[in-house]
Protein chains: 2
Amino acid sequence: MSIRNPKQKLYEQFAIVAKALGHPQRLELIEHLAQGPRSVEALAMKLGLPIANVSQHLQTLRRAGLVSAERDGKFVNYRLVDDSGLVAFASVRTVAEHHLAEVDRIVRGYFEARDDMEPVTRQELADRMRDGLVTVIDVRPPDEFALGHVPGAINVPLGDLPARLSEFGKDREVVAYCRGPWCVMSFEAVAALRSHGYAARRLADGMPEWRAAGMPVEVAA
Amino acid sequence: MSIRNPKQKLYEQFAIVAKALGHPQRLELIEHLAQGPRSVEALAMKLGLPIANVSQHLQTLRRAGLVSAERDGKFVNYRLVDDSGLVAFASVRTVAEHHLAEVDRIVRGYFEARDDMEPVTRQELADRMRDGLVTVIDVRPPDEFALGHVPGAINVPLGDLPARLSEFGKDREVVAYCRGPWCVMSFEAVAALRSHGYAARRLADGMPEWRAAGMPVEVAA
DNA sequence: ACATCATTCAATATAATCATTGAATGACAG
DNA sequence: CTGTCATTCAATGATTATATTGAATGATGT
């Protein structure tokens, strides 16, 4: 039996955090919780997973200090304890973006040409919105939109997009955003818009990053 | 059989990176590689692990895009591909520091009073060194010291410390640093120095962070 | 060609993680 | 008190990660 010295014990603690981030569905849970607090059931619905399974993943995240739980009547609401989990997620994502060829391959699947996938930066979007040059659409579900969105953005859940194409002019660029830098709904929205002849691009990241950058956020009344 | 959509595929890629960070000994490997490139054997020696085991861990890190390998004669030298892996490690560490009680407990084990463990910041150390107020010791092994150290620091490997206590004056504060923010050698050095009546503190982080901050680095001739 | 050395590979046993199921808990409403 | 509902727990098999061993590979020097 190996004696574990303090160094190893410390590293084991760090590894607990990294391990908690090391499962695709826990990452998805973090992304959803970044939109706002949610009950176990709500999260299970969003991910399309059994409740017991989600409950266990949430407890793994809690043991890693990433989320906290608070009981509210029959429900238990989970939330991110602070931004540090998102920062860790973002830095992991950065490694994958820069060094895993597979990520490139997946993203490229959405677009014909490489320059088509160049996203709009936060600042660029803010400037162009001020000048009235763009239509901004938030492709998340209405409940997430209600918890906070880019001022002036229209809520067009991805499923509704085909039926609502006529709302947009082909002369104005449409910028789509959703939950985060790699939330695929905005990729799909842009791909759909383009296939119908609209000029469309993605915002480089999503709502939590917009909020974290100190940009104005509009909340439903 | 589940069909994996692009969203899930993306998250699986991110999870590969996080999973690679999710093992204590792989984190230790990263910390060592942050000092400079190393062969498999050299790393195995430093960690005290079988070579085949280290080789496999390194390949996990390579598949995650964190390290790269280059053959040099009989040896294969591994190195961090860039700083992004260290950034990810640092952000994972931040979560653990802030939210895992166990980390606090381990660190506290080295010190009697809480304020005794307050570390010296990089800038504070630079200022006080300029004024000639402190003795700086680098407690890493000589080979790591040779690859780059704080200018003016004395190399006192942890094992040699007891025999070399007389080199320091009890009127000058001694600042110890090693491989990174949680490299326990500096904790142990400070604890040892204090138990012999010296005024000692730790640098808040280690060599890689000092270098990354653009501070001057001295390399052995 | 041969021996040597660093590394990787392949095979194995062990351990940890994961998804699923059904039962237990804790809160609320009647 | 009873029934209902959200969540957690406990137990299970299935999958995956890990450590260990010994053999295979690839480069070097004689």
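Every chain is numbered from 1, with letters handed out A, B, ... down the list of sequences. These numbers come from the heavy atoms of this one structure, side chains and all, not from hydrogens, waters or symmetry mates. Treat the numbers as computed from the prediction; the structure is a model and nothing was measured.
- Rounding to the nearest 0.5 Å gives a distance of 10.0 Å between OH of B/Y110 and CZ of B/R202.
- In the region residues 15-48 of chain A, proximity to DNA chain D at under 4.0 angstrom, judged on heavy atoms, holds for A/S39, A/V40, A/E41.
- Between the CG atom of A/N77 and the C1' atom of D/dC5 there is a distance of 15 Å, given to the nearest Å.
- Residue A/Y78 is tested with A/E70, A/Q59, A/R38 for a side-chain contact (heavy atoms from CB on, under 4.5 Å); the sole match is A/Q59.
- One can place CG of B/D72 at 14 Å from C1' of D/dG26, the figure rounded to the nearest angstrom.
- Extent of DNA chain C lying under 4.0 Å from chain A heavy atoms, first and last nucleotide in 5' to 3' order, is C/dT17 to C/dC28.
- The side-chain contact (heavy atoms from CB on, under 4.5 Å) test with B/E41 singles out one residue from B/I51, B/V76, B/V54, and that residue is B/I51.
- Pairing each heavy atom of B/L165 with each of B/L193, the nearest pair is CD2-CD2, 3.6 Å.
- No donor-acceptor pair under 3.5 Å is formed between the side chain of B/D138 and the backbone N or O of B/A153.
- For the ring-ring contact (aromatic ring centres under 6.0 Å, His included) test, no residue two or more places apart in sequence or in another chain qualifies with A/H32.
- Of the N and O atoms on the side chains of A/E97 and A/W182, at least one donor lies less than 3.5 Å from an acceptor on the other residue.
- Straight-line distance from the CG atom of A/N53 to the P atom of D/dA14: 17 Å, rounded to whole Å.
- DNA chain C is contacted by both A/T60 and A/G73; A/T60 maps to the nucleotide lying nearer its 5′ end (nearest heavy atom per residue).
- Note on A/Q56: a base of the nucleic acid sits closer than 4.0 angstrom, heavy atoms only.
- A donor-acceptor pair shorter than 3.5 Å can be found between the side chains of A/R140 and A/Q35.
- Taking atom CD1 of residue B/I51 and atom P of nucleotide D/dG26, one finds them 19 Å apart after rounding to whole Å.
- Per the geometry, CD belonging to B/Q59 stands 13 Å off P belonging to D/dT18, to the nearest Å.
- Comparing B/F75 and A/P50, the nucleotide of DNA chain C nearest to each residue sits closer to the 5' end for B/F75.
- If you check the side chains of A/S91 and B/S91, you find a donor sitting under 3.5 Å from an acceptor.
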